Amino acid sequence: MSKWVIRNHIRKLRFHQDEMTQQHLAEKVGVTRQTIVAIEKGNYSPSLELAFRIARVFNLSVEEVFYVDIVEP
């Protein structure tokens with residue numbers, strides 16, 4: 001059975017948004033910088049609510065920020 005891994009474009013989006021820092025994004029969405037780091041690295045999958053908050057910061061849909069990478073065993 002294949003495994004679904006949630007990936008994201010947050011680092012690239014931050015860079016293109018006046019090189020927004022992880023701290024600034026964290027403050028905008030109400031989490032810690034460490035949470036943003038973990039999400040960017042793929043070590044933590046955000047809640048649906050947090051995913052929407054992050055997408056809203058960039059004026060994008062959730063699907064434009066997050067995507068599923070299917071990994072075969």
Side-chain angles (χ1 to χ4, degrees):
M1 179 178 222
S2 56
K3 179 180 177 185
W4 287 30
V5 180
I6 297 176
R7 308 246 190 238
N8 65 77
H9 300 290
I10 296 173
R11 185 172 179 178
K12 178 177 68 173
L13 292 167
R14 285 192 306 100
F15 179 79
H16 291 297
Q17 185 106 13
D18 296 325
E19 298 185 18
M20 179 189 297
T21 65
Q22 292 169 329
Q23 181 65 42
H24 192 176
L25 177 57
E27 290 169 1
K28 285 181 171 268
V29 299
V31 298
T32 65
R33 183 188 64 80
Q34 290 84 358
T35 299
I36 298 300
V37 169
I39 293 170
E40 282 188 10
K41 288 183 175 183
N43 296 333
Y44 175 72
S45 295
S47 67
L48 188 54
E49 179 184 347
L50 179 54
F52 274 101
R53 283 191 269 149
I54 291 169
R56 184 169 286 184
V57 167
F58 299 110
N59 295 314
L60 297 172
S61 68
V62 172
E63 294 86 357
E64 291 172 297
V65 179
F66 297 93
Y67 62 97
V68 173
D69 190 12
I70 300 174
V71 179
E72 297 299 327

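Given the structure is predicted, the values throughout are model-derived calculations rather than measurements.
Hydrophobic cluster membership for L50: I6, I10, L13, M20, L25, V29, V31, I36, I39, Y44, L48, F52, I54, V57, F58, L60, V62, V65, F66 (Ile, Leu, Val, Met, Phe, Trp, Tyr linked by side-chain heavy atoms under 4.5 Å, directly or transitively). The hydrophobic cluster containing V5, built from Ile/Leu/Val/Met/Phe/Trp/Tyr side-chain heavy atoms closer than 4.5 Å, also comprises V71.
Partners of E49 according to the salt bridge (charged side-chain N to carboxylate O under 4.0 Å, His left out) rule, which considers only residues two or more places apart in sequence or in another chain, are R53. Qualifying side chain to side chain donor-acceptor pair (under 3.5 Å) partners for E27, counting only residues two or more places apart in sequence or in other chains: Q23. Taking the salt bridge (charged side-chain N to carboxylate O under 4.0 Å, His left out) definition, one finds that D69 meets it with R7, sequence neighbours left out. For R11, there are no salt bridge (charged side-chain N to carboxylate O under 4.0 Å, His left out) partners, not counting sequence neighbours. With sequence neighbours excluded, the residues that form a side chain to side chain contact (heavy atoms under 4.5 Å, CB included) with E19 are F15. Remark: H9 engages Y67 in a ring-ring contact (aromatic ring centres under 6.0 Å, His included) (not counting sequence neighbours). In this structure E40 satisfies the side chain to side chain donor-acceptor pair (under 3.5 Å) test together with R14, Q22, sequence neighbours excluded.
Taken from CD in Q17 to NZ in K28, the straight-line distance is 7.0 Å, to the nearest 0.5 Å.
Closest heavy-atom contact between P73 and S2: CD-CA, 4.1 Å.
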